[in-house]
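One structure is given here, and the rest of the page talks about it.
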Amino acid sequence: FNQLYYHRGEDLGAIPDKLDVGAWMDGQVTRSPLPTGNIGSNSIAIKNKNGLEFYFSHCNTESIDTGILVGRQVKKGQHVAKTGMTWNGQKSQNNDPHLHTEIDYNGYQISTYPYFVEAYFRKYDDKVLAVAGGYRFANVGDSIELDATRSVCRDNEKIVSYQWKLHNGEIINKPIIKVKYESAGYYSEELIVTTENGDVDK
């Protein structure tokens, strides 16, 4: 498992230099590319008094607030930077610009996924979120696992149906399936999740 995944955070697709990035909590800056400039993925880390440390990566140097220096204190919600595309010391994420986020607690990585789901449900009225994962890559004839089990609903709801509508017209009614593609190309599969109250997301 650890050999397959290079981080436990989430990558949020974002237009470079357009969206504001704020501090998640009060804390001290423990990592910053400033004042010298681009360092790898331009990671910014802020650690609170309880040992919880969160990271942002890929912000472009010129958009990072000049006060984001190692040792400085920041407040929850304080502007830190804007989304960017810096990787490997340069603006090289031309095909995949995103904001990487990660949480560390005393040396252990914590999934950011539950925090994003909670934040989403606080802001929007959706009852259920169908989560099918991201892109998958395979050789022709190899199996790919499609997993809908990260789909989530509100506390007063319960998911009762997972349905996959595949590119070839096949319909499979279970959360985890395996598919094979017999010719090279790009394929898109549809996941439909339904709750016992009849709420649906695709």
Side-chain angles (χ1 to χ4, degrees), residues 1-124 129-138 147 149-152 186:
F1 187 80
N2 287 322
Q3 292 176 341
L4 295 177
Y5 291 87
Y6 66 96
H7 66 62
R8 294 291 183 276
E10 300 291 337
D11 288 339
L12 309 175
I15 299 171
D17 302 314
K18 294 294 183 184
L19 303 175
D20 290 326
V21 179
W24 290 1
M25 62 188 80
D26 295 348
Q28 184 180 58
V29 178
T30 57
R31 184 188 307 175
S32 174
L34 300 182
T36 57
N38 297 340
I39 303 174
S41 295
N42 269 6
S43 294
I44 299 166
I46 299 169
K47 189 173 187 177
N48 76 3
K49 62 182 181 180
N50 298 317
L52 197 66
E53 190 173 32
F54 64 97
Y55 301 78
F56 301 125
S57 295
H58 308 305
C59 298
N60 296 330
T61 301
E62 60 270 20
S63 82
I64 299 172
D65 189 287
T66 56
I68 302 301
L69 300 168
V70 173
R72 292 279 183 91
Q73 296 292 320
V74 297
K75 293 291 186 182
K76 177 181 177 181
Q78 179 179 331
H79 182 267
V80 173
K82 288 189 178 292
T83 50
M85 56 189 295
T86 297
W87 177 76
N88 202 23
Q90 55 189 326
K91 294 179 183 179
S92 57
Q93 285 187 331
N94 296 302
N95 298 321
D96 182 28
H98 63 269
L99 177 70
H100 170 75
T101 63
E102 194 170 319
I103 301 175
D104 181 279
Y105 181 68
N106 291 332
Y108 294 94
Q109 286 183 309
I110 300 171
S111 174
T112 56
Y113 179 73
Y115 296 92
F116 285 119
V117 170
E118 177 68 19
Y120 186 90
F121 277 146
R122 287 186 185 191
K123 186 171 180 66
Y124 300 103
L129 298 175
V131 180
Y135 293 103
R136 299 288 185 272
F137 300 93
D147 186 348
T149 59
R150 291 183 87 186
S151 298
V152 64
Y186 294 96

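Two residues are said to be in side-chain contact when any heavy atoms from C-beta on lie closer than 4.5 Å; Cys59 and Leu99 meet this criterion. Residues Thr86 and Asn60 meet the side-chain proximity criterion, which asks for heavy atoms closer than 4.5 Å. Using a 4.5 Å heavy-atom cutoff, the side chains of Gln109 and Ile103 are not in contact. When side chains are defined from C-beta on, Met85 counts as touching Asn94, because their heavy atoms get closer than 4.5 Å.
Contact detail for Gly84 and Pro97: the closest heavy-atom pair is O-CB, 4.3 Å. Contact detail for Asn48 and Met25: the closest heavy-atom pair is ND2-SD, 3.2 Å.
Residue-environment remark: OH (Tyr115) stays at or below the threshold of 12 foreign heavy atoms within 6.0 Å. Other residues, nucleotides and ligands contribute more than 12 heavy atoms inside 6.0 Å of the CH2 atom of Trp24.
Between Phe54 and Phe56, the angle of the ring planes goes over 60°, which puts this pair in the perpendicular group of the 30/60° scheme.
Judged by distance alone, the side chain of Thr83 and the main-chain N or O of Leu19 form a donor-acceptor pair under 3.5 Å. The backbone N or O of Lys47 lies less than 3.5 Å from no partner atom in the side chain of Gln28, so there is not a single donor-acceptor pair. The backbone N or O of Ser43 sits nowhere less than 3.5 Å from a side-chain atom of Ser41 that would complete a donor-acceptor pair. The backbone N or O of Thr149 lies less than 3.5 Å from a partner atom in the side chain of Asp147, making a donor-acceptor pair.
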Exercise. Given the rule in the salt bridge (Lys or Arg N to Asp or Glu O under 4.0 Å) test, do Glu102 and Arg31 qualify, once you have shown the distances and angles that lead to the verdict?
Worked result: CA-CA 13 Å; Glu102 194 170 319; Arg31 184 188 307 175; over 6 Å; no
For this session: Would you sort out whether Thr101 and Phe116 count as a side-chain contact (heavy atoms from CB on, under 4.5 Å), showing the intermediate values?
Result: CA-CA 10 Å; Thr101 63; Phe116 285 119; 3.4 Å; yes
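Residue Leu52 holds its CG atom at 13.0 Å from NZ of Lys49, rounded to the nearest 0.5 Å.
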